[in-house]
Protein chains: 2
Amino acid sequence: MFAAPKKGKEALPGDIAPIGRHSSLGESAYATLKDSLIRGALQPGTKLTLRSVAQVLEVSTTPARDAITRLIGEGGLINAGPKTVIVPYLSLPDLDELTAIRLSLEGLAAEQATNHMTESDIHELETLQERINRGLDEARYTDVLDANKDFHFLIYRRSGMRRLVTIIESLWLRMGPAFNGLYPEFAQSRTGVSNHLWALRGLQDRDPAAVRAAIENDIRGGYRRLSSQLAAVGEQHGESNA
Amino acid sequence: MFAAPKKGKEALPGDIAPIGRHSSLGESAYATLKDSLIRGALQPGTKLTLRSVAQVLEVSTTPARDAITRLIGEGGLINAGPKTVIVPYLSLPDLDELTAIRLSLEGLAAEQATNHMTESDIHELETLQERINRGLDEARYTDVLDANKDFHFLIYRRSGMRRLVTIIESLWLRMGPAFNGLYPEFAQSRTGVSNHLWALRGLQDRDPAAVRAAIENDIRGGYRRLSSQLAAVGEQHGESNA
DNA sequence: TTTTGAAATTTGATGCAACAAAAAAATTAG
DNA sequence: CTAATTTTTTTGTTGCATCAAATTTCAAAA
């Protein structure tokens with residue numbers, strides 16, 4: 001049926017080869033769209049068509065199709081009809097589910113990362129935190145959200161668990177659009193700052209449970225703010241699009 | 001850039017509409033391949049080419065491409081070279097990571113499902129368990145694995161968390177090929193049976209923690225058996241392909 | 001036998017056109 | 001003005017051809 005695995009001597013190229021580069025138009029189209037989604041650049045309900053994506057990304061329909069198909073698979077886009085894909089709305093049940101998964105997975109990642117963090121990692125986190133603080137002071141909310149994302153994922157990546165990080169990304173992908181138009185309201189709050197500081201302290205102390213708790217707290221704080229926003233604004237989209 | 005969301009009256013189709021059916025050749029090609037992977041029908045290392053998949057599935061290259069691309073995104077297939085996609089080997093580090101995630105997520109799903117299970121659900125679980133027992137007696141190992149999968153996912157689905165179930169599926173997708181050629185060795189063990197019984201008891205008692213513990217135990221048991229098999233056979237594929 | 005290297009073959013990526021289906025717009029009827 | 005109906009436009013799907021790049025084959029050289 002399919003080609004059987006190579007049985008040969010399996011010449012391992014020594015110790016290098018964590019490769020995997022895979023640049024193609026489809027790949028970068030996917031990456032670009034995904035980034036837009038995570039950043040909240042696309043409003044929920046925005047309709048994406050094959051040809052419009054192709055045009056914006058300056059590629060043909062084939063790579064655009066690749067990107068859209070993959071994103072639908074991850075839940076970053078959904079089919080709102082046989083020929084209509086849109087950026088999904090985040091309903092309260094959706095947010096509940098996402099949050100529960102995030103608590104599990106980001107908590108796990110944070111825990112696992114704790115004993116892998118280097119001094120320079122921690123220093124980098126502190127730099128990111130400064131950028132967050134400065135962003136809050138100067139009302140540069142996009143910067144705040146970006147730096148916040150970097151802060152979290154720097155930690156998660158140090159878990160050494162690649163698939164885990166990928167899954168967490170797909171969760172953030174789902175949250176992103178909900179922030180659209182909410183930057184000030186959302187980023188203004190400084191509740192997250194103290195959670196980050198607790199996380200930093202836990203990392204320095206090599207205390208996995210403390211780091212996990214800090215991250216979980218951060219997620220819960222975000223949940224509170226987002227859910228009240230959703231309750232206030234988003235009743236018209238009752239159904240879950242998970 | 002893209003079409004803005006409809007502002008109109010948003011005619012909700014009443015109460016029905018959990019729809020989302022999306023039958024297309026690409027979709028079914030994806031489903032078919034995915035199923036083959038989960039069932040362990042494909043040996044790790046098996047090379048898949050666009051055209052061979054297209055031929056086997058009796059479709060053109062386009063739907064085959066869809067399926068392969070999506071599966072790569074989920075980690076069910078990997079790029080072993082610029083023009084080579086294979087069924088991934090499961091290294092011990094990979095198994096460790098998968099297991100950690102499974103414990104988190106399947107534990108969560110089991111917990112959440114506990115209070116949603118109906119009498120008839122539980123009855124169905126008992127039926128499945130009988131099929132597992134019979135399969136063990138009669139050495140019908142494929143049946144055992146199938147029924148085992150149904151047992152777990154019936155529970156998980158009752159969590160009501162769709163995205164969670166999808167993610168868990170992608171984890172099983174990654175485990176499937178590792179069972180290839182190991183059916184007897186793996187399914188022979190009856191360790192799983194008592195875990196399932198504990199899970200059933202927990203469900204009847206509406207004890208989420210007990211159900212979670214039973215499922216976690218089941219996962220750990222599988223981990224032990226698989227990891228020793230991997231350690232014995234699979235040294236030649238050192239690198240992680242997560 | 002092993003190694004090397006070049007030729008032949010196969011591969012994935014990409015663009016594109018045709019088609020049926022669906023959505024949107026325009027029109028008509030009430 | 002609203003609602004139904006028809007017309008027009010747009011959409012995703014699918015198959016396929018092309019092309020550069022990578023793989024495989026195979027024979028010559030060591």
Margin query: Tell me whether the side-chain N/O atoms of R65(A) come closer than 4.0 Å to OP1 or OP2 in dT13(D).
Written below: yes

Margin query: By the 4.0 Å heavy-atom rule, please label T62(B) as base, sugar-phosphate, or nothing.
Written below: base

Note to self: Using a heavy-atom cut-off of 4.0 Å across all strands, would you classify L48(B) as base, sugar-phosphate, or nothing?
What the structure shows: sugar-phosphate

Among [options], the one nearest [X] by side-chain distance:
{"X": "R51(B)", "options": "dT14(C), dT14(D), dT11(C)", "answer": "dT11(C)"}
{"X": "L25(A)", "options": "dG15(C), dT14(D), dA23(C)", "answer": "dG15(C)"}
{"X": "T49(B)", "options": "dA23(C), dT23(D), dT11(C)", "answer": "dT11(C)"}
{"X": "L50(A)", "options": "dT11(C), dT14(D), dG12(D)", "answer": "dG12(D)"}

Margin query: I need the CD1-P distance between I68(B) and dT11(C), as an integer number of Å.
Written below: 11 Å

Next item on the list: Provide, to the nearest angstrom, the distance between the CD atom belonging to Q55(A) and the P atom belonging to dC16(C).
Entry: 13 Å

Margin query: What I want to check is whether an N or O donor and acceptor connect the side chain of K83(A) with the base of dA21(C) at under 3.5 Å.
Written below: yes

Item checked: Residue pair D94(B) / Y89(B), side-chain donor-acceptor N/O under 3.5 Å -> no

Note to self: Here's a test for you: under side-chain contact (heavy atoms from CB on, under 4.5 Å), which of L77(A), N180(A), T32(A) qualifies with L37(A)?
What the structure shows: L77(A)

Item checked: Of D66(B) and K47(B), the one whose closest DNA chain D nucleotide lies more 5' -> D66(B)

Check: Is there a side-chain contact between V165(A) and S159(A), using heavy atoms and a 4.5 Å cut-off?
Finding: yes

Note to self: For the residue pair R39(B) and W172(B), would you count it as a cation-pi contact if the rule is NZ or CZ under 6.0 angstrom from the ring centre and within 45 degrees of the ring axis?
What the structure shows: no

